[in-house]
Structure formats: C-alpha cells, structure tokens
Amino acid sequence: MKRLGWAILPALLTGCVVGPNYGGPPGVASGERAGSTFRRADQAVTSPQTPVARWWEGMGDAQLTMLIDRALASNPDVAIAEARIRKARASLREQRANQLPTVSGSGTAIVADLPAGSLALPTQGEQSDRTRAEFYNAGLDASWEIDLFGARRRAAEGAEAQAQAAEANKADAQVRLSAEVAQNYVTLRELQQRLILARRSAQLQQRSLALLQQREQRGASSRDEVVRLKTELTRTEAGLLPLEGQIATTLDQLALLTGDEPGTHDALLSTPAPIPMIPGTVAIGDPAAMLRRRPDIRAAERQLAASNAQIGVNVARQFPSVSIMGIIGLGGPNIADVVDPDSVAGLLLPRISWSFLDFGRNRARVEQARADRDEAEAQYRKAVLGALSDAETSLTRFGNQRRNLFSSVASRNGARQSATYAGQRYAQGAIPLTTSIDAERAALAADQSVLEATGELDRAFIALQKAMGLGWSQQ
C-alpha cells in the first residue's frame with residue numbers, strides 16, 4: 001500500500017491540464033493544400049521555384065542592397081519589434097518559473113535595552129533599572145502552489161505562443177520595411193530620370209520659341225503661336241520644381257527608413273542613376289508555401305494558440321488550488337543559537353483554497369476567453385484569405401504592368417524612329433527645324449511614358465515580393 005501511495009504521488013503533484021488542447025489552426029482555403037497553384041500567375045514570367053528571401057539582390061543595384069541592409073539593422077520599427085521579443089521571452093521565463101517553488105531566506109537580530117520590569121525576563125547578577133533583551137534568528141521560507149489543474153502550465157503555453165508571435169511580428173516588420181525601402185528607392189531613381197527628361201524638353205521648347213520669335217519678326221508666324229509656346233514653356237519649367245521637391249522628400253524618407261537623420265544619404269544618392277532592372281523570370285513558389293512563409297499569418301496562428309491556452313487558465317480557476325508553505329528556522333537569545341542544530345524549528349502548512357461560490361465570475365471569465373479564441377480564429381481566417389487575395393492581386397498587377405511596359409517601349413521606338421527621320425529630313429532641307437524639334441519632343445514624351453511604365457513595373461514587382469512574404473529568413 002505504501003508503494004502504491006509513492007507511485008501516485010507524482011501524479012497528484014503534477015495533476016491534470018484542463019481546458020481545450022490546441023490542435024492547430026483551422027483549414028481556410030484550398031490554397032493551403034500542397035500542390036495548389038496561383039490562379040493569376042503568368043507562366044511566361046513566373047516560375048514555381050522557391051523564391052529567395054533577399055529578393056532585392058536580384059535587381060542588381062548595390063546601393064539598394066546597402067539601404068535595405070542598413071534599414072534592417074537600424075530602423076526603429078525593427079528595434080521596437082526586437083524589444084517586444086525580449087519582453088515576451090522574459091514573460092515566458094516568468095511563467096515557467098511560476099511552476100516551481102519560491103524560496104526566500106531571512107535573518108533577524110533584535111537587541112533591546114528596556115526599562116526593568118517591562119518584560120518578564122530573568123535578570124542575572126546585580127539588580128538594575130534596565131533590562132537587556134536579545135534574540136537572533138535565521139531561516140528559510142518556501143512556498144509552492146501545486147499545479148493540480150494545469151493553470152500555470154497553460155499560462156506558460158500561452159506565453160510561449162506569445163513569444164513566437166512576437167518573433168513573427170518582427171519578421172513581418174522586416175518584410176514591410178524591405179519593400180518600403182525598395183519602393184522609395186525606385187521612386188527616387190524614377191524622379192531623377194523624369195527631371196532629366198523635363199529639363200531636356202524645356203531646352204527643346206526654348207529652341208522652338210526662339211525660332212518662332214524669329215519667324216514672327218519676319219511676319220511668317222502669328223503672335224498667338226508665340227504666346228502659346230511661351231505658355232507651354234512656362235508650364236514645363238514650373239513642373240521642374242515639384243520634381244525637385246519630391247526628390248528631396250524621397251531622400252528624407254529613405255533616411256527615416258534606415259534610421260538616419262534627413263540629409264544623410266544626399267551625397268550618395270543625389271547623382272541620378274537608372275531605375276533598377278527586375279529579373280526576367282520571377283520565382284513565386286506555390287500558395288501553400290507562401291502561407292507558411294508569411295510572418296503575419298504565423299503571428300495570427302500563434303495568437304490563436306495563445307488565446308486557446310487562456311481558456312485553460314480560466315477553467316482551472318474554477319477548481320480548488322493547493323499550496324504548501326514550509327518554514328525552517330534557527331535562533332535564540334544568543335547569537336550562537338543561529339548555528340546550533342538543536343535550535344532548529346520547522347513548520348509545514350498545507351492550504352486548500354476554492355472559490356466555489358463566486359456567483360458566475362469564473363464562468364464569465366471562461367466565456368470571455370472562449371470569445372477571445374473565436375476572435376483570434378476569425379483573425380487568422382482573415383489573414384489567410386487576405387494573403388491569398390494580396391498574392392493574386394499582385395500577380396495580376398505585375399502581369400499587366402509588364403504588358404504596359406512592352407506597349408510603351410513599342411510606342412517609344414516608333415516615336416524615336418520618327419524623330420530620327422525628321423532630323424535627317426531637316427539636314428536635307430526638306431522640313432524646317434521646328435518640325436524636327438517637335439518630333440524630338442514627341443520622342444521625349446514617349447521616353448517619359450517608358451520611364452513611368454518601368455517604375456510602375458518595379459513597384460509591382462516589389463509589391464509581389466511583399467505579398468509572397470519575402471524579406472526575412474530564419475536566423
């Protein structure tokens with residue numbers, strides 16, 4: 001019988017774990033199944049190969065890579081996410097430690113000089129009107145709440161899920177940050193090229209205006225044509241200032257994203273450079289892999305697990321709690337009693353507490369926890385559906401922008417060819433210089449269209465990488 005008692009003692013101490021066990025997230029969409037494919041993917045420009053985390057390196061721009069690396073290392077949002085990870089991990093250590101006993105030590109020394117007769121203490125030797133009282137004590141206090149119904153284990157389970165959610169939130173911040181830096185960098189290079197084209201267009205308009213004014217002086221042109229061209233030139237020159245302002249604003253935004261003060265990157269990035277080129281083929285993988293990779297979905301799933309664990313914490317509060325407190329002390333009227341084994345005193349205090357009549361408070365807490373779990377499940381479903389929609393929309397936009405760029409390039413080639421022919425005909429004296437200049441201006445407008453289409457394609461590519469959950473990797 002004694003052996004049976006010792007055998008069941010560990011089971012009694014560890015108890016059971018109440019509340020629902022977490023069985024993983026619910027199934028939401030067919031895209032979660034292995035072997036599924038993206039519906040909007042263009043097979044000519046995308047491949048089912050596994051994409052790389054550092055997607056920006058495929059754009060072949062060293063300055064872009066430098067900016068993203070600096071942002072990932074110094075951006076305040078990443079630092080905030082890292083601080084939250086440390087906090088969540090510390091909370092997990094605290095919850096795990098709560099499952100163990102608490103032990104504290106204490107020491108006491110009391111020396112009192114009191115009037116005679118104030119304490120019923122014997123006096124030795126010569127009578128005095130003062131009484132000296134001494135007491136010394138050293139002890140250990142230990143307390144332990146036995147986790148009979150698993151409340152503390154559920155709390156630790158929830159804290160672990162919260163720590164994992166914090167790690168996923170950091171990864172999500174990295175995904176968003178890398179995409180935002182790349183978007184701003186592409187915009188900067190596009191604005192710089194647009195400014196070059198706008199200045200060149202203004203120069204051509206100035207030449208046309210000078211020729212038109214000469215014709216007016218000879219009576220070969222009307223005043224209305226001169227006024228019209230002056231108005232166009234004024235409009236073009238006025239458009240240069242907003243472009244310059246947008247360039248300065250974008251430079252400041254890049255500095256903010258990299259954790260630097262405004263103006264930090266002006267010397268490095270102010271020199272115009274071409275818009276980065278994207279790869280000819282983009283690896284996108286499959287929807288199931290994308291959903292596993294996206295950190296925002298991982299964070300939503302971990303929040304669901306934490307909410308599920310909280311139900312068990314509140315269910316366990318409906319049952320009795322058992323705690324044990326023990327005290328061991330040594331002491332006496334002499335300091336030597338602190339180390340005297342004969343002065344050892346011990347006390348063991350088991351305690352049972354049960355709020356069996358709380359008028360529904362615990363049941364209400366359980367219902368609140370279940371509602372939080374249902375909300376977290378709905379948030380997870382929303383995250384999955386949103387991710388699939390984001391990916392399909394990004395694929396559609398990326399394909400459309402590629403076709404738009406091809407169309408713009410074809411139009412630009414035609415306009416550039418016309419400008420070349422006009423220059424040749426002017427050299428032969430077949431057409432006036434103004435006609436040749438107008439053809440060149442039309443070619444510049446076509447160059448502008450190609451430039452804008454290139455920027456839009458780059459931004460669509462970046463948005464696609466963000467939708468695929470790229471920009472972070474396991475450490």
Can you check whether [X] reaches [Y] side chain to side chain, under 4.5 Å on heavy atoms?
| X | Y | result |
| --- | --- | --- |
| L191 | E244 | no |
| L291 | L388 | yes |
| L395 | D42 | no |
| I462 | K466 | no |
| R152 | Q95 | no |
| L457 | N404 | no |
| D77 | L177 | no |
| Y185 | D61 | yes |

For F319, all residues meeting ring-ring contact (aromatic ring centres under 6.0 Å, His included), sequence neighbours excluded:
F149

Not counting sequence neighbours, which residues clear ring-ring contact (aromatic ring centres under 6.0 Å, His included) with F359? List them please.
none

Shortest non-hydrogen contact between [X] and [Y], atoms and distance:
| X | Y | answer |
| --- | --- | --- |
| L256 | P76 | O-CD, 4.4 Å |
| A463 | S394 | O-OG, 3.7 Å |
| P276 | V186 | CD-CG2, 4.3 Å |
| R84 | A166 | O-CB, 4.1 Å |
| A29 | L385 | CB-CD2, 4.4 Å |
| A273 | Q193 | O-NE2, 3.1 Å |

Looking only at atom types and distance, does a side-chain atom of [X] sit under 3.5 Å from a main-chain N or O of [Y], one as donor and one as acceptor?
| X | Y | answer |
| --- | --- | --- |
| T393 | S389 | yes |
| S74 | A71 | no |
| S407 | R403 | no |
| Q401 | F398 | no |
| S36 | G31 | yes |
| T264 | D260 | no |
| D172 | P295 | no |
| R154 | V18 | yes |
| W144 | V103 | no |
| N75 | L257 | yes |

For the pair W56 and S178, evaluate side-chain contact (heavy atoms from CB on, under 4.5 Å) and give the outcome as yes or no after the intermediate values.
CA-CA 8 Å; W56 52 87; S178 60; 3.6 Å; yes

Audit row: T249, Q246, side-chain contact (heavy atoms from CB on, under 4.5 Å) steps and yes/no:
CA-CA 5 Å; T249 300; Q246 291 175 46; 5.5 Å; no

With a 3.5 Å cut-off and no angle check, do the side chains of R189 and Q192 form a donor-acceptor pair?
yes

Gap between atom [atom2] of [Y] and atom [atom1] of [X] - 0.5 Å precision:
| X | Y | atom1 | atom2 | result |
| --- | --- | --- | --- | --- |
| Q318 | F356 | CD | CZ | 14.5 Å |
| L451 | R412 | CG | CZ | 10.0 Å |
| L254 | L64 | CG | CG | 9.5 Å |
| M290 | L470 | CE | CG | 10.0 Å |
| L405 | S449 | CG | OG | 11.0 Å |
| W55 | L464 | CH2 | CG | 10.0 Å |

Hey, mind stepping through L268 and Q63 against side-chain contact (heavy atoms from CB on, under 4.5 Å) and telling me if it holds?
CA-CA 9 Å; L268 178 66; Q63 290 183 334; 3.5 Å; yes

Got more than 12 heavy atoms from elsewhere within 6.0 Å of [atom1], [X]?
| X | atom1 | value |
| --- | --- | --- |
| E82 | CD | yes |
| R381 | CZ | no |
| M277 | CE | no |
| I328 | CD1 | no |
| L100 | CG | yes |

One pair to check against side-chain contact (heavy atoms from CB on, under 4.5 Å): L269 and L251. What are the steps and the verdict?
CA-CA 8 Å; L269 301 177; L251 285 168; 3.7 Å; yes

Can you list everything that forms a salt bridge (charged side-chain N to carboxylate O under 4.0 Å, His left out) with R86? Sequence neighbours excluded, please.
none

Are the charged groups of E167 and R89 less than 4.0 angstrom apart, N to O?
yes

Between D69 and R54, is there a side-chain N and carboxylate O pair less than 4.0 Å apart?
yes

Applying salt bridge (Lys or Arg N to Asp or Glu O under 4.0 Å) as the test, list every pair that has at least one member in residues 451-463; sequence neighbours left out.
E190-R459, R397-E456, E456-R459

Show me the pairs that pass side chain to side chain donor-acceptor pair (under 3.5 Å) and involve residues 296-312, at least two apart or across chains.
Y22-E301, Q162-Q303, Q164-R302, R294-D296, R298-E301, N308-R373

What pairs of residues pass the side chain to side chain donor-acceptor pair (under 3.5 Å) test when at least one of them lies in residues 269-291, not counting sequence neighbours?
none

